Amino acid sequence: WQECSLHWDLPTTLIAVGLRAVRDNESSEQLNASEAVGRPGLLQVYYRANYHWYLKQQWRGEDLAFLGFDAEQVNRMYLSQTQMTQVEPNLMQRVPLLRVVEFTWDIVSSLSADSTVAVVDGTKLLLTPLGINNIPPPMCKHTISVTQHNESVENDLPVHCIRAACFWQPHTSSAPIDVSIPEILHAWGYAALADNNSSLILLRGDSAGAVVSQQQVNLGMVFKDLGVDQFAFRGIVATQQDAQLVVTLLGSKIVPLTVPDRLGRAFDEPSYDNTECLVVVRLHWNTSSSAFVLAEPTDQHVVDLPAGCATRLCAVPHDPSSIAVGVQRIDGADFEIYKVCLQTLMVEQIASLPELCTHLSLITSADSETASDEAPNAATNEVFAVNGRQYAAMALSQRNRLYCGE
């Protein structure tokens, strides 16, 4: 890989490094324009803080090149790439495409007493139990390598970065967990999806913030069987109840904008309808291997979301069988919050906010029997109740407006 561009963002806290693939013993002078067409390109985004550079995200694609950050909108960047497209029955042509990427920051921490915080740095995961140790960054108490580099693959990525991650807390039903499998009794769990779009990393930790188990699950065949192998995933939520772990991934079809060629022709009119979906992956605890394994293929599902752009995915407290997702309507109307039942895969709207929100969390009543069975009040956005459980939404908009449930 050879460096070809460097760009700073507006606050000068992010730097984007553009790379392109080169052959062994090949210099930039020897690489002409015709030979560079069709080569993989790589974009890495680093964050600077505490005299340290953290690798936060990376993207790969054919002829991928970084055009720059937006001059007005923070956390927006522009990329270009090409794609082979059939323009005539027997003619394939490489069409230039434009990609617009918007991103938000997430603070990922456990809800256990150790208050473990995870910081992503490329292939490394930096863990610090702030409830026990106050270690200033960039130092940390535990460093975990979450992915491995495969040198046998041609033009493989220099590193595999984490695309999305979350903590989860184990929940138990009224019946106690089988004491014969004490490995499942962990203080917290951490799930991360690598940027190769198929590697799921699962960590389980103790009350001191240390990782006691690490495993990797390949979701490539699951995505292929479900028909979502061409989706880009950007959000993840994991919930565990007893010996079952449910991992929900937020993804969308890769629908780039087509740039007209020199003759003014544009191909592949993109369709933005029903491009957002949730992929529900179920894993069960295997006592012989002391690890979570994929359930039967019939237990993996795809849930289509209403037309729009899903920006946020979050767990529902006191309800491990449900998750919440925020969707900005495609017509630019209200920001709608939906609850998805992971057992029945039913999607129901529970709130509506007046503008796009980049952060979302739900507050629920611990005792569902005390909740009233009222209908949600989207007009006044008061505390609402669905199926006997009270919910209150808290969301932060792009304009830094905080919306609460009352």
Side-chain angles (χ1 to χ4, degrees), residues 106-133 135 140-148 160-173 175-194 198-219 222 233 235-249 280-295 299-300 313-321 323 342:
D106 265 345
I107 298 178
V108 183
S109 61
S110 68
L111 299 178
S112 52
D114 53 285
S115 299
T116 297
V117 175
V119 178
V120 173
D121 186 11
T123 61
K124 295 182 297 182
L125 187 66
L126 312 180
L127 297 173
T128 301
L130 293 180
I132 303 174
N133 300 97
I135 301 177
C140 62
K141 185 174 182 181
H142 306 287
T143 301
I144 304 298
S145 178
V146 294
T147 56
Q148 296 179 351
H160 283 307
C161 190
I162 293 178
R163 175 70 75 222
C166 71
F167 277 95
W168 85 80
Q169 305 298 132
H171 291 266
T172 60
S173 60
I177 290 182
D178 189 354
V179 295
S180 63
I181 47 174
E183 297 88 350
I184 202 173
L185 297 173
H186 53 273
W188 52 264
Y190 182 84
L193 183 69
S198 62
S199 297
L200 178 66
I201 300 98
L202 300 177
L203 307 178
R204 290 179 291 114
D206 59 17
S207 58
V211 175
V212 297
S213 176
Q214 177 179 352
Q215 69 174 105
Q216 185 167 322
V217 181
N218 188 359
L219 301 180
V222 175
F233 295 96
I236 182 173
V237 166
T239 60
Q240 177 190 346
Q241 186 166 19
D242 298 334
Q244 184 183 68
L245 177 66
V246 181
V247 178
T248 305
L249 301 170
V280 181
V281 179
R282 303 182 189 275
L283 301 101
H284 294 285
W285 181 260
N286 186 286
T287 55
S288 59
S289 60
S290 297
F292 286 103
V293 297
L294 286 170
D299 288 340
Q300 323 302 339
L313 189 67
C314 69
V316 179
H318 310 297
D319 188 4
S321 63
I323 61 170
L342 299 178

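All of these numbers come straight from a predicted model, not from anything done at the bench.
Residue Gly209 comes nearest to Thr116 through the heavy atom pair CA-OG1, 3.5 Å, listed as atom of the first residue, atom of the second, then distance. The two atoms that bring Ser115 and Gly131 nearest to each other are CB-N, 3.8 Å, heavy atoms only. Nearest heavy atoms, Asp114 versus Ser207: CB-O, 3.0 Å. The shortest non-hydrogen separation linking Val108 to Cys166 is CG1-CA, 4.0 Å. Considering every non-hydrogen atom in both Ala295 and His284, the closest pair reads CB-CD2, 3.2 Å. Residues Ala187 and Ser112 come closest through the heavy atom pair O-CB, 3.9 Å.
Screening Leu202, Leu111, Ile236 for a side-chain contact (heavy atoms from CB on, under 4.5 Å) involving Trp168 leaves a single residue, Leu202. Considering Val222, Leu245, Leu283, Val281 as possible partners of Val217, the one that fulfils the side-chain contact (heavy atoms from CB on, under 4.5 Å) test is Leu283.
Taken to the nearest 0.5 Å, the CG atom of Leu294 stands 8.5 Å off from the CG atom of Leu200. Rounding to the nearest 0.5 Å gives a distance of 8.5 Å between CG of Leu130 and CD1 of Ile135. How far CG of Leu342 is from OG of Ser321: 6.5 Å, rounded to the nearest 0.5 Å. To the nearest 0.5 Å, atoms CG (Leu125) and OG1 (Thr143) are separated by 8.5 Å. In this structure, Gln241 CD and Asp319 CG are separated by 8.5 Å, a value rounded to the nearest 0.5 Å.
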Test log, rule side-chain contact (heavy atoms from CB on, under 4.5 Å), inputs Tyr190 and Leu127 = CA-CA 11 Å; Tyr190 182 84; Leu127 297 173; 5.6 Å; no
Kindly determine whether Arg282 and Val280 satisfy side-chain contact (heavy atoms from CB on, under 4.5 Å), including the steps that lead there.
-> CA-CA 7 Å; Arg282 303 182 189 275; Val280 181; 4.3 Å; yes
Kindly indicate, with the supporting measurements, whether the criterion side-chain contact (heavy atoms from CB on, under 4.5 Å) is fulfilled by His142 and Val211.
-> CA-CA 8 Å; His142 306 287; Val211 175; 5.6 Å; no
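Listed for the Asp206 side chain is a donor-acceptor partner under 3.5 Å among the backbone atoms of Ala208. A donor-acceptor pair under 3.5 Å is formed between the side chain of Gln214 and the backbone N or O of Ser145. At least one donor-acceptor pair closer than 3.5 Å links the side chain of Gln215 to the backbone N or O of Phe292.
Looking only at side-chain heavy atoms (C-beta outward), Gln169 and Gln240 stay at 4.5 Å or farther from each other. Between Ser290 and Trp285 the shortest side-chain heavy-atom distance falls below 4.5 Å. Using a 4.5 Å cut-off on side-chain heavy atoms (C-beta onward), Leu203 and Phe167 make no contact. The shortest side-chain heavy-atom distance between Val246 and Thr248 falls under the 4.5 Å cut-off. Side-chain contact check for Val247 versus Leu219: every heavy-atom pair is 4.5 Å or farther apart.
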